[in-house]
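Have a look at the structure below, then the notes.
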Amino acid sequence: MDVSYILDPLNDAQREAVAAPPGPVLVLAGAGSGKTRVLTHRVSWLVEAHGVSPLSVLAVTFTNKAAQEMRGRIEGMLGYSLRGMWMGTFHGVAHRLLRAHHRDAGLEEGFQILDSADQHRIVRRVLRDMGLDEGYWAPKQVQWYLNAHKEDGRRAQHLGEPSDTQQRQLLGIYKNYEDLCRRFSLVDFAELLLRAFELLQHNEPLREQYQRKLQHVLVDEFQDTNAIQYELIKLLGQKFRQVFIVGDDDQSIYGWRGARVENILQFEKDFAGAQVFRLEQNYRSTANILNAANAVIDINRGRLGKKLWTEGGDGESVKLYNAYNEFDEARFVVARIQSWVDRGNPRGDTAILYRSNAQSRVFEEILLDTGIPYRVYGGLRFFERAEIKDALAYLRLAARRRDDPSFERIVNVPARGIGNKTLEQVREHARINRLSLWDAARTLIESRELSSRAVSALSGFLELIDDIDTRIDKLPLAEQVDTAIRIGGLPDHYKKEKGEKAEARLENLEELVTAARQFGPRDEEEDLEPLTAFLTHAALEAGEGQAEAWEDCVQLMSLHSAKGLEFPMVFLTGMEEGLFPHQRSLQEPGRLEEERRLCYVGMTRAMQQLYLSHAEIRRWHGRENYPSPSRFLGEVPGEFLEEVRGSGFSLGVNRRRRAVPEAGAGGGLRLGDHVRHASFGSGTVLNLEGRGEHARVQVKFDDVGSKWLVLGYANLDRV
DNA sequence: AACACCGCGTTTTTT
DNA sequence: ACGCGGTGTT
């Protein structure tokens, strides 16, 4: 087979990686270096040059979008459909395994997937059942605790018997949560992965079967894998060791949700003899942008080390704008966008990036005033909207009466006289007799323990669900959805709500029917009943935020959502201490480095023009703040940076320049250094400021907390 | 059952 | 500041 069409478009490093002999391969791919390209070409190359069947390839990504894109690109290259190929998200792949072997995995056939909102409900129920105070045991915290353990592969039974009361109680919550989920075959996101892992770990024939079947394993964004995801990869890949992973330690920005960059290092140990390739040629940004970004990321320690370069020209310098306040900042950004557009460029070429979503508001205001179309990423997505979840709950309950989360959700939506009191009785009855809410309701109705009003309301609801179930049997999917929505009474319910919101909700309900009509199951969903497949799809893929933006518009998004994207003109806004790096990341040294990587990710989104901005005054959480410019600004060498003035509309009042922090401050100490102080003991450097005599350093001491010290007097020893 | 009020949290996000 | 969820009132 002539594979030149696969290898020719690649540069040397890419080609070496793509054509590496099958075996463990680690590709360290810098921003804009053609990471996806290497992955897609590798799959094509395996197929064309080695005669590997696409069906024996497993390719894993983190988002559905990335999976779809990869599939599309490979199909384009090979010229045929990859139906049946194992390509998808970690969760999608785990789900496919569990559906196929639900019995071995100890799950009912129709097991339900809990999204984090469902999980939240279940946690609250567990807390209530245990008589614990929700104020003290914040359900969010409990969720975090549960997921963190599961993502590290720890079940309640592995946690032993903690001596600490609080830990003991948390463990109790974990046990009850697991128990509830097991009884009703509910599976949260972390559970999908853990369950799939355990399935393969404990079931040797099955493990062998899949190791043999999926002989080639490829992983995208490897720096974002958590412990259990990596274990899963190891389990599948250890037999043939044909594992090809692509990642960038400098773009690891999800440590806070359990991602482990160390997995990259671990990979070289677990798969000894792995070939390592570095992709450092960047095809995206100008040299100025790249050099600026390189200088920033270079400050982090413990990097695997990569330096991006480009064959392109210097381009314009990176621009720095000192805004008076957040409105001035927004006006400046919008004016620059306006003139970009006036020069005949698309609005969609520009992106406004920020650390936290709340910052979008001011930009939206100014864009609205100026009449420039924009799109904000983030926020509630389609399948997460209340009305959609309500509609799906009717379908879920009709399909499976034991679905407690759905029962809770819609039992009184629209209001049908089933109040809290009745519900409490149902819950209590369910808890004591270990029944589903549905069965508890049914037996309670028969037991005459309820008021006649409650009985009629409750049995009305049960009949309603039964009715939906009978009616939708044998209907095409879209009609099933439509029928459930109508019989459930959701349109009338939402019509009563006033304002634009109601209209939007009704439109969304219609949109759901349309979505059902157009729904074609993915590979892993195709053996299921259409309705089950659709419900699964809704749980595993939350859909886009706003409807696809057909209009050419300015893109507003958080730095995290910008990862993987590129724009000719990028504004990195709100570069202030406390905001970016975020206050909450200043407590731990590791977190600060992650913020810096986030900064690096943001900067490397820019192709031609990069603007950095900060404000002297910023209203934040209702209070006026006077933040110092972000330390990251000081980390960009002056030679690449050019300060620009506003376009005449800035207020100019009280304008006092604040010096951007100097890089190289702190007399030789570096962030994260371990130091020792004569009386405070040992600690870690969190922060550096100033230089020479006056340099100050913030140290987090192991025993006495964090303190600011003047370097000239403190007498710190580096350990 | 509908509405008002109070208090809390408020980084980032996918599945 | 602001929005959400929970509680209390009519």
Side-chain angles (χ1 to χ4, degrees), chain A residues 60-67 88-95 113-121 124 128 134-135 138-141 144 147 150-151 187-194 196 221 224-226 228-229 252-259 326 353-362 377-381 383-384 386 412-421 457 493 496-498 536-545 557-564 574 578-587 591-592 594-595 597-599 601-602 618-625:
Chain A
V60 212
T61 61
F62 275 83
T63 65
N64 290 295
K65 205 170 140 198
T89 62
F90 274 100
H91 293 84
V93 167
H95 172 252
I113 299 167
L114 301 176
D115 69 11
S116 45
D118 298 328
Q119 187 186 40
H120 192 254
R121 290 174 106 87
R124 293 192 49 200
R128 266 203 315 265
E134 274 181 42
K140 279 249 167 69
Q141 299 286 316
W144 187 85
N147 294 333
K150 288 192 184 191
E151 278 161 10
V187 179
D188 61 46
F189 287 134
E191 183 73 28
L192 280 173
L193 301 172
L194 182 52
E221 305 276 18
D224 291 337
T225 48
N226 63 32
I228 202 73
Q229 285 164 335
S252 157
I253 55 175
Y254 287 111
W256 53 273
R257 66 173 198 209
E326 70 270 28
L353 309 183
Y354 34 76
R355 179 63 177 80
S356 33
N357 287 309
Q359 285 168 256
S360 75
R361 221 200 66 225
V362 181
Y377 286 73
L380 267 199
R381 283 135 26 123
F383 286 110
E384 289 167 357
N412 204 29
V413 175
R416 44 176 72 92
I418 303 174
N420 226 335
K421 244 184 118 200
H493 172 64
K496 283 192 208 126
E497 254 183 65
K498 45 201 177 262
T536 298
H537 172 82
L540 281 180
E541 188 171 354
E544 284 287 303
M557 67 189 83
S558 70
L559 286 159
H560 284 87
S561 346
K563 192 172 137 204
L579 196 57
F580 186 38
H582 196 274
Q583 193 62 46
R584 299 190 36 172
S585 63
L586 296 175
Q587 319 302 324
R591 289 270 175 258
L592 179 62
E594 185 157 304
E595 294 284 299
R597 292 194 289 269
L598 195 53
C599 181
V601 165
R618 180 176 300 269
R619 193 166 265 282
W620 191 239
H621 296 325
R623 288 171 51 154
E624 211 148 74
N625 290 287

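Keep in mind that this is a model prediction, so the values were computed, not measured. First the proteins, then the strands, lettered A, B, ... as listed; each starts at 1.
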Exercise. For A:K140 and C:dG5, what is the distance between atoms NZ and C1' respectively, to the nearest whole Å?
Worked result: 10 Å

Problem set entry | Nucleotide nearest A:F189 (side chain, heavy atoms from C-beta), chosen from C:dC2, B:dA1, B:dT15 | B:dT15

Problem set entry | Heavy-atom pair of closest approach, residues A:I113 and A:L540 | CD1-CG, 3.9 Å

For this session: Look at the rings of A:H91 and A:F189 and say which category their plane angle falls in: under 30° parallel, 30 to 60° tilted, over 60° perpendicular.
Result: perpendicular

For this session: Among the candidates B:dT10, B:dT15, C:dC2, find the nucleotide nearest to the side-chain atoms of A:H621.
Result: B:dT10

For this session: Answer with base, sugar-phosphate or nothing: what part of the nucleic acid does A:N412 contact at a heavy-atom distance below 4.0 Å?
Result: sugar-phosphate

For this session: Report yes if a side-chain nitrogen or oxygen of A:S116 is closer than 4.0 Å to either non-bridging phosphate oxygen (OP1 or OP2) of B:dT14; otherwise report no.
Result: no

Exercise. For A:H91 and B:dT13, what is the distance between atoms NE2 and C1' respectively, to the nearest whole Å?
Worked result: 12 Å

For this session: Answer yes if the side chains of A:S356 and A:Q359 hold a donor-acceptor pair under 3.5 Å, and no otherwise.
Result: yes

Exercise. Is the shortest side-chain N to carboxylate O distance from A:D115 to A:R381 below 4.0 Å?
Worked result: no

Exercise. B:dT12 P sits how many Å from A:Y354 OH, rounded?
Worked result: 10 Å

Exercise. Just checking A:S585: base, sugar-phosphate only, or nothing, at a heavy-atom cut-off of under 4.0 Å?
Worked result: nothing

For this session: Would you kindly give the NE2-to-P distance between A:H120 and C:dG6, to the nearest whole Å?
Result: 8 Å

Exercise. Could you state the CG-P distance from A:L598 to B:dT13, rounded to the nearest angstrom?
Worked result: 10 Å

Problem set entry | Nearest-nucleotide pick for A:A415, side chain only, options being B:dT15, B:dT12, B:dA2 | B:dA2

Seminar exercise, completed: In whole angstroms, the gap separating P of B:dT13 from CZ of A:F383 amounts to 21 Å

Exercise. Is the distance from OP1 or OP2 of B:dT15 to the nearest side-chain N or O of A:R257 less than 4.0 Å?
Worked result: no

For this session: By nearest nucleotide on DNA chain B, pick out whichever of A:D115 and A:H560 is the more 5' one.
Result: A:H560

Exercise. So, is A:N357 close to the B:dT13 phosphate, meaning a side-chain N or O under 4.0 Å from OP1 or OP2?
Worked result: yes

For this session: Round to a whole Å and report the spacing from NE2 of A:H582 to P of B:dG9.
Result: 15 Å

Seminar exercise, completed: Checking C:dG6, B:dT15, B:dA1 against the side chain of A:T89 (C-beta onward), the nearest is B:dT15

For this session: Could you state the atom-to-atom distance from CD1 of A:I418 to C1' of B:dA1 in whole Å?
Result: 14 Å

Problem set entry | Candidate nucleotides C:dA1, B:dA1, B:dT15, ranked by approach to the side chain of A:L540 - the nearest | B:dT15

For this session: Check the geometry between A:W256 and B:dT12 and answer yes if their rings are stacked (centres below 5.5 Å, planes below 30°), otherwise no.
Result: yes

For this session: With heavy atoms under 4.0 Å as the rule, sort A:Y254 into base, sugar-phosphate or nothing.
Result: sugar-phosphate

Problem set entry | Phosphate OP1/OP2 of C:dG5: any A:R124 side-chain N/O under 4.0 Å | no

Seminar exercise, completed: Here the gap from A:T89 atom OG1 to A:L193 atom CG, rounded to the nearest 0.5 Å, amounts to 8.5 Å

Seminar exercise, completed: Between A:E594 and A:G419, the residue closer to the 5' end of DNA chain B by nearest nucleotide is A:G419

Problem set entry | Where A:G602 and A:L559 come nearest, the two heavy atoms and their spacing | CA-CD2, 3.6 Å

